[in-house]
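First up is the structure itself, then whatever we jot down about it.
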Amino acid sequence: MNIVLLGAPGAGKGTQAEKLVSEYGFTHLSTGDVLRAAVAEGTPLGLEAKKYMDAGDLVPDEVVVGLVEETLKADPEGSYLLDGFPRTPTQAVSLDTVLSNLGQELDYAIALQVDMESVVDRMCSRRCCRDCGAIGNVSDGPTCPKCGGEMYQRDDDNEETVRNRIEVYNKQTSPLIDYYHGNGILVEVDGNKTPDEVFSAICDVLS
Ligand code: AMP
């Protein structure tokens, strides 16, 4: 089974992805994580991507599609959870093509719907673990409650960038709701509830 998690920045995609991977054993592909790793390593891709990411803009489609295609082709039988991809209609069409060339398809596009007012606060107080990638909050303190690693604030989790990321989502990514509705695989889930309640709603769909 292959699924896509859709939602505005701060809708809880990363949190739900962690839970879904541990429950269903999906291979988690977060394009944001792949790009951040490239930035940290200082690769040419990372250097190119950083300027877009720091501004809260999207990295060009061809760069991101190439990354995803490479990963999917490396394990064509895999069962993928795509988090943060696709983010534009062009990426969605490319994903359909790549999957179909591998004899695979998307089973569900799960859209986490959240109240946009709460998103800015959620994002600005978000912290991530440098070691295990767990997602937490400033109130968790400087140490990861899961692995003891260092919690840090992403460069793009500041108010100005978050506001641009929301605008980018509204303009470039939200048309995917109609795209997947048209394909008959869209499932909308209320992302304003607690993480466990949201997870339970997603599990109801998958089981
Ligand atoms: P995320 O971790 O999903 O919030 O992504 C962080 C940043 O990485 C985004 O604001 C974009 O700059 C970039 N990014 C991640 N995924 C994509 C994508 N599918 N297409 C274009 N840019 C992306």
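Numbering of residues begins at 1 and proceeds along the displayed sequence. Both counts, for ligands and for their atoms, begin at 1 and track the order of listing.
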In ligand 1, which numbered atoms sit nearer than 4.0 Å to a non-hydrogen atom of [X]?
X: Asp156; result: 6 (C)
X: Leu35; result: 8 (O), 13 (C), 14 (N), 15 (C), 23 (C)
X: Asp57; result: 11 (C), 12 (O)
X: Val64; result: 18 (C), 19 (N), 20 (N), 21 (C)

Closest protein heavy atom (residue, atom, distance) for atom 16 (N) of ligand 1: Thr31 OG1, 2.8 Å
Shortest protein heavy-atom distance from atom 10 (O) of ligand 1, along with the residue and atom involved: Arg165 NE, 4.0 Å
With a 4.0 Å heavy-atom cut-off (strictly under), which part of [X] contacts ligand 1: side chain, backbone, both or neither?
X: Thr88; result: neither
X: Val59; result: both
X: Lys13; result: neither
X: Arg154; result: side chain

Candidate pair Glu105 and Asn2, rule side-chain hydrogen bond (donor to acceptor under 3.5 Å, both in side chains), full reasoning: CA-CA 7 Å; Glu105 61 181 9; Asn2 297 299; over 6 Å; no
Residue pair Asp156, Thr161: steps toward the side-chain hydrogen bond (donor to acceptor under 3.5 Å, both in side chains) verdict: CA-CA 6 Å; Asp156 57 352; Thr161 310; over 6 Å; no
Contact (N/O only, under 3.5 Å) between Gly84 and ligand 1: yes
Contact with ligand 1 for Arg36, non-hydrogen, under 4.0 angstrom: yes
Any side-chain donor near an acceptor of the partner, Thr194 and Asp196, under 3.5 Å: no
Donor-acceptor contact below 3.5 Å, side chain Asn183 vs main chain Ile185: no
Check: Thr71 side chain, Leu67 main-chain N or O, donor-acceptor pair, under 3.5 Å: yes
Identified side chain to side chain donor-acceptor pair (under 3.5 Å) counterpart of Asp157 within the set Arg122, Arg126, Arg127: Arg126
Test applied, side-chain contact (heavy atoms from CB on, under 4.5 Å); reference residue, Asn170; option that passes from Val168, Ile166, Thr173: Ile166
Salt bridge (charged side-chain N to carboxylate O under 4.0 Å, His left out) evaluation trace for Glu160 with Arg163: CA-CA 5 Å; Glu160 188 189 348; Arg163 291 200 184 279; over 6 Å; no
Option with minimal heavy-atom separation from atom 1 (P) of ligand 1, where the choices are Arg87, Gln91, Met53: Arg87
Ion pair check, Lys146 and Glu18, cut-off under 4.0 Å: yes
